[in-house]
S.K.: 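What follows is a single structure, and I will ask about it in a moment.
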Amino acid sequence: MAQISLTFPDGNSRSFDAGVTPAEVAASISSSLAKKAISAQVDGRHWDLAWPIEQDAAIAINTMADDAPALELIRHDLAHIMARAVQEIWPEVKVTIGPVRDHGWFYDFDRAEPFTPEDLGRIEAKMRDIINARDPVKTEIWERDRAVAYYEERGEPFKVELIDRIPGDEPLRMYWHGPWQDLCRGPHLQHTGQVPADAFKLMNVAGAYWLGDSSRPMLQRIYGVAFRNRNDLKAHLTMLEEAAARDHRKLGREMDLFHMQEEAPGQVFWHPNGWTIYTTLQDYMRRKQRAGGYREINTPQVVDRKLWEASGHWEKYQHHMFIVEVDESRDGENDDAAVRDKAQTRINALKPMNCPCHVQVYKQGLKSYRDLPLRLAEFGSCARYEPSGALHGIMRVRGFTQDDAHIFCTEEQIESECARFIEYLANVYAELGFPTFEIKFATRPEKRVGTEESWDYVENALEQAIRKTGRTYTLEAGDGAFYGPKLDFYLTDAIGRVWQCGTFQVDPNLPERLDAEYVGADGDRHRPFMLHRACLGSFERFIGILIEDSAGRLPFWLAPRQVVVASIVSDANDYVAEVVAALNAKGVRAEADTRNEKINYKVREHSLGKVPAILAIGAREVEERTVSLRRLGEKQSRLLSLDEVVAELAAEACPPDMR
RNA sequence: GCCGGCAUAGCUCAGCUGGUAGAGCGCGUGAUUUGUAAUCACGAUGUCGGGGGUUCGAGUCCCUCUGCCGGCACCA
């Protein structure tokens, strides 16, 4: 028999018969390792203990102590155990696919009846039975025809389709968990009992399209989470509770920031507190933009379809636009919108984006190469008819305002403009409390316009720009727009969630379509490039992110109510008013609370309202002209003179770019 | 848009198999002058999301519309 050489993590090599399995390798090392082994890494690939190794390779045996492979196997086996449980309870259910994902797995089923929350309990109980049975896991490689025939006979059409979609050179691996069989690329544990029975939980049921295609049947997806032990599961469930507690929709109500109602789905009614955050952030961005070399403009909301046809948006996004039809023959007598005179009706759309309007501004007056780069910024209020199922609080809305700008420039200026934008964005993110961010670089897609030379040049310019700023990126090959590459900027919040906010996109297409040009040094007319860029994305969504990142405890300068001055006795009311006035005079948002309530009551209420500073004023403070400062979340309070507290809080109320 | 769930007082929620609506907080009034996360008493909460149907009778059952929630699809 042929021999192969396996190299261990410590650098030593040993020779084995070809076709040796990791289980046999582990047993050859020690019986305790054989017992603990759950899988192996073979040349870096996650390898089932039962799969034969046919050639020289680097090998490492995994045990439950190895975090990533252990979780992978536990979750993967649970997907199968859950599918088996479902088919044991409801044999008519068809199985499809069940991958590992996030903190657990999901499995999609085809079943006429919906699964109920009670069903999840039944399935969980059955899963524990399967785990306790310690059923062996077996794997075999089958010929395609045999597997297809097997699934056809068993009435599993989805599996048959899956086999059709697996590339012909890939071996088809059949797995058995006890008597139950599934098609799976593996690897798996050796028996079901290796899965911890008390560290998983079925979370919810949801619809999901077969193969993620909305023209395909809707299946029922059951989500589960799983960990190596009960404590990790508990920690995860606690984390979910914490995430729910910082939900911006809940905090928005509790802090009286905004509301939404069904007459205007997907649009925000901002309350005074929320609008204070919004305008404070907008004022900040306006200063940053000005300092960054942008000229601010403002463009129309309601624009004739002709412009959208010219820009190409009408063809592609008509169904996602709010259409406004106006019968211009109306005379005040017969204004019923339902009986419009078609010939006289003008069709407009609420602008879903700002770029075509910005090109119109650019086109006023002939531009020279000396005018470039021209950076036009707008807090552009846009309306998009988002599908109802996509709406989510203020994070995904139908009416929103972008911190949008378009840079008109020459090809040679792309690199420096890109680098300049990355620095601008990095500075803004840092000042807003997000010191690190990730860049994703999306390059030319298969379906594209433009020459290869042009793509080469522009992609290279973006890469050089990133390099120049000393940053790294991850490549998203093929994910660019049909006309140009783009950068997306992702920040991470306090509980580890990642949000795409900024974007930078190179567009030679729209200037072409809308006929923008400039006169070059050579006296000829040329096409400018257009760079679409946003830093926050939309104010609505970014404020949602800020709220969730901070759990409502916004940075002092952004907090809508910065200070409450609370009286302890009514004799202090005059002095309270004086303190409030002194703070207001220095630009601090302070308000008085002289209600006839105990200080405990006031502290509790304003703490729940996330007010960052409470000043308590009793007889002593009046006497000494001091205040007692209590910071949100702190138990201790500090006694300060009026001047001291005004100076301290005024400094904090100052936006970061003005310090 | 698709699948499933939900919609009761300002908020959070109770209301069993149909028999003419309830709690806590908040709100109002009064008392209390209070020292860092809920002072006490009294009082009012409402077309049970809209429309239709079944029934002697519907918050409760059925249909439908709207919105919200969880996913999926979408996100210029």
Side-chain angles (χ1 to χ4, degrees), chain A residues 106 108 110-111 113-117 119 203-223 244 247 249-250 253-254 256 259-266 308 311-321 351-356 382 384-393 395-398 400 402 481-483 486 500 503 505 507 509-510 532 537-538 541 564 566-573 594-609 614-621 628-639:
Chain A
F106 64 76
D108 288 348
D110 183 38
R111 181 187 182 218
E113 290 286 299
F115 289 109
T116 65
D119 290 340
M203 302 301 284
N204 58 330
V205 191
Y209 296 109
W210 169 233
L211 299 173
D213 182 343
S214 59
S215 66
R216 299 293 206 115
M218 176 70 66
L219 305 171
Q220 293 190 64
R221 174 172 297 179
I222 302 179
Y223 286 91
D247 188 310
R249 293 165 298 191
K250 177 177 147 76
R253 188 168 49 243
E254 289 172 359
D256 195 17
H259 85 272
M260 327 228 348
Q261 62 187 53
E262 65 177 87
E263 289 81 357
W308 307 114
S311 71
H313 292 104
W314 188 261
E315 188 192 4
K316 204 165 173 205
Y317 294 109
Q318 193 187 145
H319 297 296
H320 297 285
M321 288 160 86
K351 70 171 167 184
M353 53 181 0
N354 308 299
C355 16
C382 298
R384 295 180 184 175
Y385 191 75
E386 300 285 4
S388 58
L391 304 179
H392 178 86
M395 299 281 208
R396 186 82 185 268
V397 286
R398 288 180 174 162
F400 57 94
Q402 297 172 312
F482 69 89
Y483 48 76
K486 64 170 179 173
Q500 192 247 310
T503 186
Q505 201 165 319
D507 181 6
N509 183 58
L510 199 59
H532 307 256
S538 90
R541 181 159 172 276
V564 169
S567 58
I568 297 171
V569 293
S570 55
D571 282 347
N573 288 359
T594 54
R595 290 174 303 170
N596 182 8
E597 296 289 352
K598 294 198 167 193
I599 191 66
N600 286 300
Y601 180 91
K602 296 180 184 180
V603 166
R604 177 182 153 82
E605 186 174 288
H606 300 307
S607 297
L608 290 172
I614 298 172
L615 303 184
I617 311 278
R620 194 165 75 228
E621 287 78 10
S628 169
L629 168 63
R630 183 197 159 106
R631 297 280 187 168
L632 179 58
E634 286 179 14
K635 295 243 159 59
Q636 256 350 68
S637 57
R638 292 154 59 210
L639 194 68

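The chains referred to below are lettered A, B, ... by the order of the sequence lines, with proteins before strands, and numbering in each begins at 1.
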S.K.: I'd like to check the side-chain hydrogen bond (donor to acceptor under 3.5 Å, both in side chains) partners of A/His320; sequence neighbours left out, ordered by chain and number.
M.R.: none
S.K.: Under 4.0 angstrom, heavy atoms only, what part of the nucleic acid is A/Glu621 near: base, sugar-phosphate, or nothing?
M.R.: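 Since a base atom lies under 4.0 Å of A/Glu621, the category is base.
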S.K.: In B/S/- notation, 5' to 3', how is nucleotides 1-15 of chain B contacted by protein heavy atoms closer than 4.0 Å?
M.R.: BBBS------SS---
S.K.: Answer with base, sugar-phosphate or nothing: what part of the nucleic acid does A/Ala619 contact at a heavy-atom distance below 4.0 Å?
M.R.: base
S.K.: Could you please name the option among B/U33, B/A76, B/U36 that lies closest to any side-chain atom of A/Val569?
M.R.: B/U33
S.K.: Apply side-chain hydrogen bond (donor to acceptor under 3.5 Å, both in side chains) to A/Glu262 and list each qualifying residue two or more places apart in sequence or on a separate chain.
M.R.: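 With neighbours one apart ignored, the set is empty.
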S.K.: Starting the side chain at C-beta, find the nucleotide from B/U33, B/A76, B/G35 nearest to A/Met353.
M.R.: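 The listed nucleotide nearest to A/Met353's side chain is B/A76.
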S.K.: How does RNA chain B look in dot-bracket form if you count Watson-Crick and G-U pairs under 3.5 Å, write [ ] for pairs that cross, and put | where a base pairs with another strand?
M.R.: (((((((..((((.....[..)))).(((((.......))))).....(((((..]....))))))))))))....
S.K.: Just by distance, do the side chain of A/Gln220 and the backbone of A/Arg111 share a donor-acceptor pair under 3.5 Å?
M.R.: yes
S.K.: Does the plane of the ring in A/His532 sit parallel, tilted or perpendicular to the ring in A/Tyr483? Use 30° and 60° as the thresholds.
M.R.: tilted
S.K.: Ring pair (Phe, Tyr, Trp, His ring centres under 6.0 Å) with A/Phe115: which residues, sequence neighbours excluded?
M.R.: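 Once residues adjacent in sequence are excluded, the partners of A/Phe115 under the ring pair (Phe, Tyr, Trp, His ring centres under 6.0 Å) criterion are A/Trp90, A/Phe109.
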S.K.: When we call it a touch if two heavy atoms are under 4.0 Å apart, what does A/His392 touch: a base, just sugar-phosphate, or nothing?
M.R.: sugar-phosphate
S.K.: Can you name the residues that form a ring pair (Phe, Tyr, Trp, His ring centres under 6.0 Å) with A/His392, not counting sequence neighbours?
M.R.: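 Scan of A/His392 (ring pair (Phe, Tyr, Trp, His ring centres under 6.0 Å), adjacent residues dropped) gives A/His248.
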S.K.: What residues form a side-chain hydrogen bond (donor to acceptor under 3.5 Å, both in side chains) with A/Glu605, not counting sequence neighbours?
M.R.: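 A/Glu605 satisfies side-chain hydrogen bond (donor to acceptor under 3.5 Å, both in side chains) with A/Arg595 only.
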S.K.: Please tabulate the protein-to-nucleotide N/O contacts below 3.5 Å involving nucleotides 37-44 of chain B, giving atom names and distances.
M.R.:
residue, atom, partner, partner atom, Å
B/A37, OP2, A/Arg630, NH1, 3.3
B/A37, O4', A/Arg604, N, 3.3
B/A37, N7, A/Arg630, NH2, 3.1
B/A38, N9, A/Arg604, NE, 3.4
B/A38, N7, A/Arg604, NE, 3.1
B/A38, N7, A/Arg604, NH1, 3.3
B/A38, N7, A/Arg604, NH2, 3.1
B/A38, N6, A/Arg604, NH2, 2.4
B/A38, N1, A/Arg604, NH2, 3.4

S.K.: A/Gln505 CD to B/C75 C1': how many Å, rounded?
M.R.: 13 Å
S.K.: Report the residues that fulfil ring pair (Phe, Tyr, Trp, His ring centres under 6.0 Å) with A/Tyr223, sequence neighbours left out, ordered by chain and then residue number.
M.R.: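 Result, ring pair (Phe, Tyr, Trp, His ring centres under 6.0 Å) vs A/Tyr223: A/Phe106.
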S.K.: So, using side-chain contact (heavy atoms from CB on, under 4.5 Å) as the criterion, who are the partners of A/Ile617 when residues are at least two apart?
M.R.: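 Counting only residues at least two positions away or on another chain, A/Ile617 forms a side-chain contact (heavy atoms from CB on, under 4.5 Å) with A/Val565, A/Ala572, A/Tyr575, A/Val576, A/Val579, A/Glu621, A/Val622, A/Val627.
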S.K.: Need to verify one output field. Residue with the more 5' nearest nucleotide on RNA chain B, A/Leu639 or A/His320?
M.R.: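 By nearest-heavy-atom nucleotide position, the 5'-most residue is A/Leu639.
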S.K.: In whole Å, I'd like the distance from the CE atom of A/Met395 to the P atom of B/C68.
M.R.: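 Spelled out: CE on A/Met395 to P on B/C68 is 16 Å.
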S.K.: Just checking A/Gly212: base, sugar-phosphate only, or nothing, at a heavy-atom cut-off of under 4.0 Å?
M.R.: sugar-phosphate
S.K.: A/Asp256: what forms a side-chain hydrogen bond (donor to acceptor under 3.5 Å, both in side chains) with it, not counting sequence neighbours?
M.R.: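 A/Asp256 satisfies side-chain hydrogen bond (donor to acceptor under 3.5 Å, both in side chains) with A/His271 only.
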S.K.: For A/Asp213 and B/A73, give me the distance from atom CG to atom P, rounded to whole Å.
M.R.: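 Distance, rounded to whole Å: 10 Å.
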S.K.: Rounding to a whole Å, what distance do you find between A/Trp210:CH2 and B/C72:P?
M.R.: 17 Å
S.K.: Partners of A/Pro265 by side-chain contact (heavy atoms from CB on, under 4.5 Å), sequence neighbours excluded?
M.R.: A/Leu391, A/Arg398
